Amino acid sequence: MIAWLAIAIIGHFGTRLAIYNRLNALGIDRPRLKRIEKIILAETMLTPLLASWALWTRLDASQTDTFLATSQIPSWIWIYGWICIGCGGVLGCLWLLWRPLLRVQHVEAPRRCRVVDAQHTLPTPLPLTRKCQWAARIPGNQMFELSVEEIDLPVHGLPMELSGYRIAHLSDIHFTGHVHPSFAQLAVEEANAWRPDMMVLTGDIVDKPIGVSWCESTFGHADALDAKVFILGNHDTRVSDPAMIRNAMTNAGWTDLGGKVIPMSIRNTSVSLIGNESPWFDRPTDSAMSQSPGTFRLCLSHSPDQYDWCRQHDVQLMLAGHTHGGQGRLPLAGPILSPSWHGSRWASGDFFRKPTTLHVTRGLGGVHLLRWRCRPELSLLTLRPA
């Protein structure tokens, strides 16, 4: 009895976690999303309390045993408990299946990681607010420990001419006003020092209007041989006019790829650069995608949830962010929170599902000023034929 009760409780909270992850994968406007989240949080807490109260009232005043007989348990609690056990069992099995430890659909991509402690490297104090100062003092918080990760990424369908091609991948800058922009500038300088052929930024650049003014000074000195391209993400909708971000990045010398297909010739090879900002902004139409047959297709997508779309359109390489690696990772179990329709399945790492190789970076920043066992990441990708 106690074991089944424990499983039902785990199922209750597990299903709410699954709902939370998937809500944040939808293109719901922020005010409405926050209202829904508050309702779900209240229900998550109140339902167990209501069930406990219902059971307590059934206890006979003279009963010395603290447990009820089966016949005394209200029918709605029985029904709800079995629903939690069933749903929790299905979701729990899927959650276990996609743990990073099992490496299901992962690509074996060698990584060389170097950690830069930005808080002690940069002359400028990084916290700009009291909230950020307190967060930076939390033991184990890795929010200012930049992990510079050089990754040899095997890509199926990569033309031999592009073997060794170098892409610096930035994502999730999150100019919230809490962190000094010099942290993002450090990542850009590290990318420049690596001398990439291309530099890409996969969204969530600005959260607060002050961040728009930081774009040019932060990204204006970025340097890449062939292209510097960007798309926007869901947090960029928090600025009243996201076009201000696009203009600022364009003025900084970057190309806006959002919702577009841009053909290029790289090393005498036809390449299509694709920008997928769905579901918050646009993604290319089917007609736009059909106009670039027989080329190597590289897609920037803010969310890894566009993986199936990329597979349907024969994209060979997809680069994404959005999930922050889960923001925190448990030993062995890995990430739990992840704003994705697939939960924490694509929280970070390298994956392959025919015909598309997917790289998901943990990104640089976040609204939540806490990273635990999940350092911010600058991805330096060297493409290799798989």
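Heavy-atom basis, side chains included; hydrogens, waters and symmetry copies ignored. Quick caveat, the model's predicted, so the values are computed rather than measured.
- By the neighbour-count criterion of 12 heavy atoms within 6.0 Å, atom CZ of Arg137 is densely surrounded, having more than that number from other residues, nucleotides or ligands.
- Side-chain contact of Asn276 with Gln306: a donor-acceptor pair under 3.5 Å is present, judged by distance alone.
- Judged purely by atom type and a 3.5 angstrom limit, Asn192 uses its side chain to pair as donor or acceptor with the backbone of His221.
- A donor-acceptor contact closer than 3.5 angstrom is absent between the side chains of Thr361 and Ser171.
- Judged by distance alone, the side chains of Ser147 and Arg114 never bring a donor and an acceptor atom under 3.5 Å apart.
- Side-chain atoms of Arg362 and Gln327 form no donor-acceptor pair, as typed in the model, at a separation below 3.5 Å.
- For the residue pair Ser379/His359, the side-chain donor-acceptor check at 3.5 Å is satisfied.
- Side-chain atoms of Asn24 come within 3.5 Å of backbone atoms of Tyr20 as a donor-acceptor pair (strictly under, hydrogens ignored).
- Arg99 places a side-chain N or O within donor-acceptor distance of the main-chain N or O of Pro335, the cut-off being under 3.5 Å.
- Surrounding CZ of Arg195 are at most 12 heavy atoms belonging to other residues, nucleotides or ligands under 6.0 Å away.
- Between the Asp226 side chain and the Met198 main chain, no donor and acceptor come within less than 3.5 Å of each other.
- Note that Arg329 lies outside the cation-pi zone of Trp372, set by a 6.0 Å cut-off to the ring centre and a 45° limit from the axis.
- Between His342 and Trp346, the angle of the ring planes goes over 60°, which puts this pair in the perpendicular group of the 30/60° scheme.
- A donor-acceptor contact shorter than 3.5 Å is absent between the side chain of Arg16 and the backbone of Met45.
- Side-chain N or O atoms of Arg297 include one that pairs as donor or acceptor with a backbone N or O of Met289 at under 3.5 Å.
- Using a distance-only test at 3.5 Å, with no hydrogens or angles considered, no donor-acceptor pair links the side chain of His169 to the main chain of Val200.
- Ring-centre distance between His322 and Trp280: below the 6.0 Å cut-off.
- Here the two rings, on His302 and His235, have centers that are 6.0 Å apart or farther.
- Between the side chains of Ser340 and Ser338, no donor-acceptor pair is found at a separation under 3.5 Å.
- No side-chain donor-acceptor contact under 3.5 Å links Ser348 to the backbone of Gly325.
- For Trp76, the CH2 atom counts as densely surrounded, since its 6.0 Å shell holds more than 12 non-hydrogen atoms of other residues, nucleotides or ligands.
- Side chain to side chain, Glu277 and Asn234 fail the donor-acceptor criterion of an N or O pair below 3.5 Å.
- Summarising the local packing, CE of Met244 is surrounded by 12 or fewer heavy atoms from other residues, nucleotides or ligands at distances under 6.0 Å.
- Between the side chains of Ser182 and His180, at least one donor-acceptor pair of N or O atoms lies under 3.5 Å.
- Counted by atom type alone, Arg373 and Gln142 present zero donor-acceptor pairs between their side chains at under 3.5 Å.
- Counting only distance, with no hydrogens or angles, the side chain of Asp236 and the backbone of Leu232 share no donor-acceptor pair below 3.5 Å.
- Remark: of the listed residues Ile205, Asp204, Leu201, Asp204 is the sole one forming a side-chain contact (heavy atoms from CB on, under 4.5 Å) with Asp172.
- A donor-acceptor contact shorter than 3.5 Å is absent between the side chain of His12 and the backbone of Ala8.
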